[in-house]
Amino acid sequence: MRMVITDHNFSGEDFERTAAKELDTDFAVFHATTEAEAIEAVRGADVALVNFAPMTAAALAAMNPNGVVVRYGIGFDNVDLDAATRLGVRVCNVPDYGADTVADHAVTLTLMLLRKVAQFDRALAAGGWPSATELAPIRSTGETTVGLLGTGRIALAVAKRLQPFGFDLIAHDPYANPDVAADHGITLVDLDELFRRSHALSLHAPATADTRGIVNADNLAKMPFGSFLVNTSRGALVEQDAVLDALDSGALAGVGLDVFHPEPLAPDHRLRTHPNAVLTPHAAFYSEQSLRDLQRLAAEEAARAIRGEPLRCPLN
């Protein structure tokens, strides 16, 4: 049996190496970024642990029959799931390794935007001393509606953190459990109402045919003037040019973005220098604990695959 890591940005591979050694499995680590490199990395592999390498149909076809792809993380945009199913390659992810860490990041960005912390900081860094009302309006939490696109693990963790502040919480998710939403203080609404009522909108949905580009000019125009957008889920949900136009017009008073499409964000992209944009480099997932959990859970899933046991988190 052969286990490979196509690519990663961790400090080591202790969990993966230990699993391979215990199962007497050949093990190799690559740094694939292109399709050609991914094909060579997974050629003859039974299990491939994948971070961002493009797992195209050609790459999946290079694996041994009945291969298994373990995606480091929640999203699987870089894995051609239809091709994998067609080729008999099973794909799984690690959906529960860092929900609290991402939720912490999303709430941090939301509160920074609502309190306009970055703008005040930049004014002082430039030598100014703005009055408290110079960046008006700043709404109290009790009169602020926070909308959540999605009601999965991370969105619910965000709601749990925001509840004590007194926000009005609404969400749209066609697959939501109404009882679970209610337990978290969330009122479920349709998509149109989500945009119309959200003073701050936080995105927590996968990139699918239904959600790609869902934050577009038409939907942004429905939001209250001077609202805020936070995205810690998938960059493809947002049309970045539409967001820039909304920032320029004041329709959006600020954005907090951790993910972009494509990544990395181009060095000359205007979002990088926009005064009302707070940006982080796809870092919401990161804490030392979350990375340990991610690698441990991925290695455990790989071991299950090698032993021929049922996968914990299959996607196809």
Side-chain angles (χ1 to χ4, degrees), residues 5-10 15-16 47-55 68-82 84-85 89-109 148-161 171-177 180 184 202-212 214-215 230-238 256-264 280-302 304-305 311-316:
I5 297 177
T6 60
D7 63 305
H8 75 78
N9 55 2
F10 310 126
F15 290 108
E16 299 88 340
V47 177
L49 294 106
V50 177
N51 196 9
F52 297 116
M55 294 303 292
V68 174
V69 170
V70 182
R71 164 73 175 100
Y72 282 119
I74 301 171
F76 46 93
D77 305 22
N78 57 317
V79 181
D80 188 334
L81 199 60
D82 290 337
T85 303
V89 175
R90 289 179 294 162
V91 181
C92 51
N93 64 346
V94 186
D96 50 355
Y97 77 97
D100 285 339
T101 305
V102 178
D104 290 344
H105 201 90
V107 169
T108 299
L109 290 174
L148 305 171
L149 181 67
T151 58
R153 289 183 183 86
I154 296 171
L156 294 178
V158 167
K160 181 179 179 180
R161 286 156 172 73
H172 172 73
D173 186 338
Y175 308 103
N177 183 316
V180 172
H184 286 76
S202 189
L203 308 183
H204 303 284
T208 68
D210 294 327
T211 61
R212 286 186 181 89
I214 198 168
V215 179
V230 172
N231 189 12
T232 55
S233 55
R234 281 291 177 263
L237 273 59
V238 174
L257 304 177
D258 181 61
V259 288
F260 307 88
H261 185 70
E263 290 186 352
T280 54
H282 204 140
F285 72 93
Y286 171 68
S287 72
E288 290 298 304
Q289 182 65 54
S290 69
L291 283 193
R292 284 195 299 271
D293 289 344
L294 173 58
Q295 290 189 266
R296 174 180 58 80
L297 291 168
E300 290 173 359
E301 190 78 304
R304 276 187 285 271
L311 298 175
R312 186 176 74 96
C313 300
L315 294 169
N316 63 344

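Residues take their numbers from the sequence shown, with the count starting at 1. The figures here come from the full heavy-atom set of this structure, side chains too, leaving out hydrogens, waters and symmetry mates.
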May I ask you to decide if the ring planes of His8 and Phe10 are parallel, tilted or perpendicular, using 30° and 60° as cut-offs?
parallel
What is the distance from atom CG of Asn51 to atom CG of Asn78, rounded to the nearest 0.5 Å?
8.0 Å
Going by side chain to side chain contact (heavy atoms under 4.5 Å, CB included), name the residues that satisfy it together with Arg304, two or more places apart in sequence or in a different chain.
Glu300, Glu301, Arg307, Glu309, Arg312
State the CG-CD1 distance between Leu49 and Ile5, to the nearest 0.5 angstrom.
5.5 Å
Does Val180 form a side-chain contact (heavy atoms from CB on, under 4.5 Å) with Thr151? I'd like the steps, not just the answer.
CA-CA 9 Å; Val180 172; Thr151 58; over 6 Å; no
Qualifying residues under ring pair (Phe, Tyr, Trp, His ring centres under 6.0 Å), relative to His172, sequence neighbours excluded:
none
Non-neighbouring partners of Thr208 that pass side chain to side chain contact (heavy atoms under 4.5 Å, CB included), sequence neighbours left out:
Pro206, Asp210, Thr211
Intermediate values then yes/no, side-chain contact (heavy atoms from CB on, under 4.5 Å), Thr101 and Gln289:
CA-CA 9 Å; Thr101 305; Gln289 182 65 54; over 6 Å; no
Pairing residues for Asp100 by the salt bridge (Lys or Arg N to Asp or Glu O under 4.0 Å) criterion, not counting sequence neighbours
Arg161
Just jot down the side-chain hydrogen bond (donor to acceptor under 3.5 Å, both in side chains) partners of Arg90, sequence neighbours excluded, or say none.
none
How many angstroms lie between atom OG1 of Thr85 and atom CG of Leu81, to the nearest 0.5 angstrom?
4.5 Å
Note, Phe76 side chain near Val50 side chain (heavy atom, < 4.5 Å):
no
If every non-hydrogen atom of Gly235 is compared with every non-hydrogen atom of Val259, which pair is closest and at what distance?
N-CG2, 3.5 Å
Working for side-chain contact (heavy atoms from CB on, under 4.5 Å), residues Leu149 and Leu237
CA-CA 10 Å; Leu149 181 67; Leu237 273 59; 4.2 Å; yes
Measure the spacing between OH of Tyr72 and CD of Gln295 and express it to the nearest 0.5 Å.
5.5 Å
The reported gap from CG in Leu148 to CG in Asp173 (rounded to nearest 0.5 angstrom) is 10.0 Å
Pairwise distance CD1(Ile74) to CZ(Phe285) - rounded to 0.5 angstrom:
11.0 Å
Residues in side chain to side chain contact (heavy atoms under 4.5 Å, CB included) with Ala284, at least two apart?
Val102, His105, Thr232, Asp258
Between Ala157 and Ala99 the two heavy atoms that sit nearest each other are CB-O, 4.5 Å
